[in-house]
Each structure stands twice: as structure tokens, then as C-alpha cells.
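Down below is the structure, laid out as C-alpha cells.
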Amino acid sequence: MDTFYIKGGNTLNGSVFIPSAKNALLPILAGSIMCDGKVYIKNCSKFSDVKYMIKILEELGAKTNYEQNDLVIDSSKAKKFYVPEEYTKKVRSSIFMLGPLITRFGFAKVAYPGGCNIGTRPIDLHIKGLKALNVKIEEKHGYIYCDARNITAGEVHLDFPSVGATENIIMASVLTKGITRIYNAAKEPEIEDLQNFINAMGGKVKGAGTSTIEIEGVKKLHDVYYAPMSDRIISGTYLIACAATGGKIELTNAISEHNTALISKLKQSGCKVSVKSDKIILEASHKLKSIPKIETLPYPGFPTDLQSQMLTLQTISKGTSVIIENLFETRFKIYTELTKMGANIIIKDRMALIHGVKNLFGASVTAPDLRSGAGLVIAGLCADGYTIINDIYHIDRGYLKIEEDLQKLGAEIKRE
Ligand code: EPZ
């Protein structure tokens, strides 16, 4: 199992390129099975979650290969609609296969999904939404069986703007005759990317990015060459890292509009942030002020996927901060590891109270999940002394060799 060794204390300076987004790629990969032809995905980042999704597509009979950085998926010979547990337990995004398999084959049999242990991760909204479209669903022996031979267009009202449920219902409706509407849909940018991808294949989806999405069924989808959006969570992670260590970094291929909530918080803490076209520049030249309150909310609120990284920043900021995690019930797992590094944090249910300390000190810690692992990297970068981070396979699910990007920016970090 790989481990990170970090010598803290260096400031971060320089420029880094932001790759295509994990949470845009995963539904797009799932959606590629809807086209019985070829799908080309430009600059398809090789996150481990992406590799698992590619394995699922190959299990279903699709052929995939990389041409340089572009992934080519040929689903013309795909014929299976059964995704076994050995594949689904590794990635939450396996649940996104329901919609595309329904659209391609009229049937789906998918084992319950796995993914980060940040909460119970129910799928009731996915199931309820598909049932509203007359999909017959049975859940037994750990599998979800869908019979969509009589699927109809219709109206789905989501009790919560779930990203995955919104994406699944969109994909289940792409070839269904008539108009399907989703109310209280999630508004994350990754959903707009999925809409653009589906429309580039000949689909008719509109309204993504708002809370009402309309899908008009079409007869067929055609081959497509698509370039997904860049990863706003990787962008945010690097901005927070530089805020923590001090220095000046430039992100290229970054979409600043996707990070307005974070940027406003970082400015509030004393960072200088400027944006121009696809660049975000952050400068942190002195100890930052604590941010009194950070509350995670569905987009465009503060993203839950940057909560652990922001919590780390607050442990060394001047003052007191309260972080409220509204999306996932157990997303404070980083707390125990940061405490080992000298952080002063009190957790109560979904609330963290953080009193800033002068500095953290290096320690041996273990990444509990993807984003808290990223938070621990930030902690190691700004701590006094050496930090060892175990179980970094969690981090590789959503970052492309994070150590190489950080080395480019002047960090002393190595993988062994
Ligand atoms: C997506 O997960 C992302 N993953 C997550 O990123 C992200 O944290 C999350 O959206 C919120 O933005 C991918 O896109 C692959 P949800 P998803 O359905 O779709 C509840 C990362 O680190 N809910 O929007 O699973 C759920 O419990 C990952 O990259 C139900 O109650 O998130 C949670 O409280 C982590 N019933 C809330 O909705 C359901 O059927 C948000 O979940 C579905 C969800």
C-alpha cells in the first residue's frame, strides 16, 4: 500500500494544470453505454474511480482503449445489463448505470453501490424517481432489478436535489417518447456537463444548472467526441493548500465560476484571488483569519467535497470557526487524524468547532476517505516537521498523482 512522506513548511508557488473532472467523467462514462456506437472522451483523467467504471463498461461488453489521453468506448457489441457486486462495491458511481442500462436495454440488474464511507449513501431517490416513470423495480439479495419495458415520460419531484439521482433519471429518459421533467433537480456543474454530452450525442436535454430539467425523448443517439469540464474540487483543493502554506499559485484550465463559494471564503480569510479566462491566481502572504461559519450546501452553496480541506485550513487560522456539514452525516473523519497533528477541534453531530493553533506538527496519520485524505495532505504541507500519510489509495480515487502537482509547486512530498 502506498504512503506519502511530506516535509512541511514550504510555500507553494507556480502553475498547475487542472484535469477533467472525476464527477463529470463518471456519469458520462456510464452514459456512453446508451450509444450503440463510439464515444470519444477527450483528456479522460485516469483516476482510479474512472478505471473501475471502465472495467464495468468492459464487463457489459463494451470495448475501450486510450488513444494518447483520449478514451475511446465502443459499445456497439455491448449486450449485458448485469453489473455484479464485485464491480459495484468499489465505486458509488456504479449506481449511475441504472439509467443508461434502462435506456439501452430496457432492463438493468445492478448490485448495491460502494464508495466513500462518508454516510449511509441511500439510493431511495434514484428508485423513487425511476418508479415515477413506470419502471418496475425489485430490490432483493443486494441487487436492484429494473424492468423498463413500459417506461413512460413523466414528472419526477426529488425530495432532495441529489446529484446522482438527477443524473440517473436524465439518462433513463433520453430515448423515452415524450417530455420528462425533473423538479428540485441538483444544479451542480457536472449535471450541465452531462446534459452537453447527451445533447452532443443527439439527445434533447435542457435546464441543467437550474432546478427544473426537461428531457425530450429522441429515437437514437450517435457517435460523439466530447471534452468534459475541468475538476472544480481539484482546483479548490490546490487553492486551499496554497492558502494554508502561503505563496502564490496559478491554476490553468480552471473554471472560476464553479468555485465562487470557495473563492469568496478564501478572500474573506485574507487571500488575494484573481481570475482571468481559464486561470485562477491565489496569493496568501500572511497568516489567515478564521472564517466564522462555513456551511456545506448543494451547489452553488459551499461544496461538501471541499469541507475536509477547508476544515484543515481553519485549524491553523487566527480565531475560531464553525463548520456545519449538511450533506453527509459522517464526513468529519479527518478530525481524529488532525487532532494527532495538534489541531484543536470539537465535533458535535454535524458541527465542528475549530480553534486555530499557531501551527500543526507532523505525525503518522491515515486517510479515512478521499477528501479527508486530501485534507491531510494539506495538513502535512503546512505542519512543522514530517508527516506520513497511510492508505493514500483513497486519494488516488479523485486526484491524478497529487504529489507530482504539489512537487511542481515546491512541496517536499514523495510517494513510497
Ligand atoms: C455526488 O455524490 C458526488 N459523487 C459526491 O462526490 C458529492 O459529495 C455529492 O454528489 C454531493 O455533491 C459523484 O458525483 C460520483 P447526492 P452522490 O446524491 O450523487 C442524500 C467526491 O468526493 N441522498 O447528491 O452520491 C445523500 O445521503 C464524492 O467526489 C438520499 O437521501 O450525492 C446525501 O445526504 C463524495 N437518497 C445527499 O442526498 C438518495 O437516493 C447528497 O447526495 C441519494 C442521495
Side-chain angles (χ1 to χ4, degrees), residues 19-31 45 47-50 52-53 56 88 90-99 112-132 137 139 144 156-171 182 184-194 211 228-229 231-237 258 261-262 296-310 324-331 333-334 350 367-375 394-400 402:
S20 54
K22 169 177 88 79
N23 291 349
L25 284 167
L26 294 172
I28 285 171
L29 285 168
S45 307
F47 302 113
S48 56
D49 271 12
V50 165
Y52 287 132
M53 277 305 273
I56 290 176
T88 62
K90 292 202 166 72
V91 276
R92 163 85 183 170
S93 48
S94 52
I95 191 69
F96 297 153
M97 289 311 303
L98 287 181
Y112 276 97
C116 266
N117 55 349
I118 53 178
T120 48
R121 312 298 294 271
I123 57 167
D124 57 308
L125 298 176
H126 297 247
I127 303 298
K128 200 171 145 219
L130 294 172
K131 282 183 175 170
I137 296 187
E139 296 174 71
I144 305 149
V156 174
H157 188 281
L158 290 176
D159 295 341
F160 183 89
S162 153
V163 172
T166 301
E167 292 166 339
N168 239 337
I169 295 155
I170 289 173
M171 294 192 278
I182 305 172
N184 195 28
K187 300 189 274 193
E188 272 69 1
E190 291 78 10
I191 294 173
E192 249 179 291
D193 222 37
L194 179 64
S211 50
M229 62 181 257
D231 196 306
R232 60 191 171 101
I233 304 303
I234 293 178
S235 293
T237 302
H258 290 171
L262 171 69
T296 64
L297 289 167
Y299 192 88
F302 190 89
T304 176
D305 294 347
L306 289 174
Q307 181 261 97
S308 296
Q309 301 91 316
M310 200 53 150
I324 300 160
E325 170 55 61
N326 289 312
L327 277 293
F328 292 107
E329 60 275 30
T330 51
R331 203 166 200 180
K333 291 208 164 76
I334 193 173
R350 291 185 179 224
D369 58 62
L370 163 55
R371 302 304 176 185
S372 54
H394 287 293
I395 302 172
D396 292 335
R397 295 186 47 210
Y399 294 87
L400 286 182
I402 193 172

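Both ligands and their constituent atoms are indexed starting at 1 by order of listing.
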Could you tell me which atoms of ligand 1, counted from 1 in the order shown, lie closer than 4.0 angstrom to a heavy atom of [X]?
X: Leu370; result: 22 (O)
X: His126; result: 40 (O)
X: Gly164; result: 18 (O), 19 (O)
X: Arg331; result: 8 (O), 22 (O), 35 (C)
X: Ile123; result: 39 (C), 40 (O)
X: Lys22; result: 21 (C), 29 (O)
X: Arg371; result: 21 (C), 22 (O), 29 (O)
X: Leu327; result: 33 (C), 34 (O), 41 (C)

Worksheet item: Would Pro122 count as a contact of ligand 1 if the rule is a heavy atom under 4.0 Å away?
Response: yes
Item to complete: Give the contacting part of Asp124 toward ligand 1: side chain, backbone, both or neither, where contact means a heavy-atom distance below 4.0 Å.
Response: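 It is both backbone and side chain that touch ligand 1.
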Worksheet entry | Mode of Leu125 contact toward ligand 1 - side chain, backbone, both, neither (heavy atoms, under 4.0 Å) | both
Worksheet entry | salt bridge (Lys or Arg N to Asp or Glu O under 4.0 Å) partners for Glu190, two or more places apart | Arg232
Worksheet item: Residues in salt bridge (Lys or Arg N to Asp or Glu O under 4.0 Å) with Asp231, at least two apart?
Response: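 Result, salt bridge (Lys or Arg N to Asp or Glu O under 4.0 Å) vs Asp231: none returned.
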Worksheet item: What about Arg92: any of its N or O atoms under 3.5 Å from an N or O on ligand 1?
Response: yes
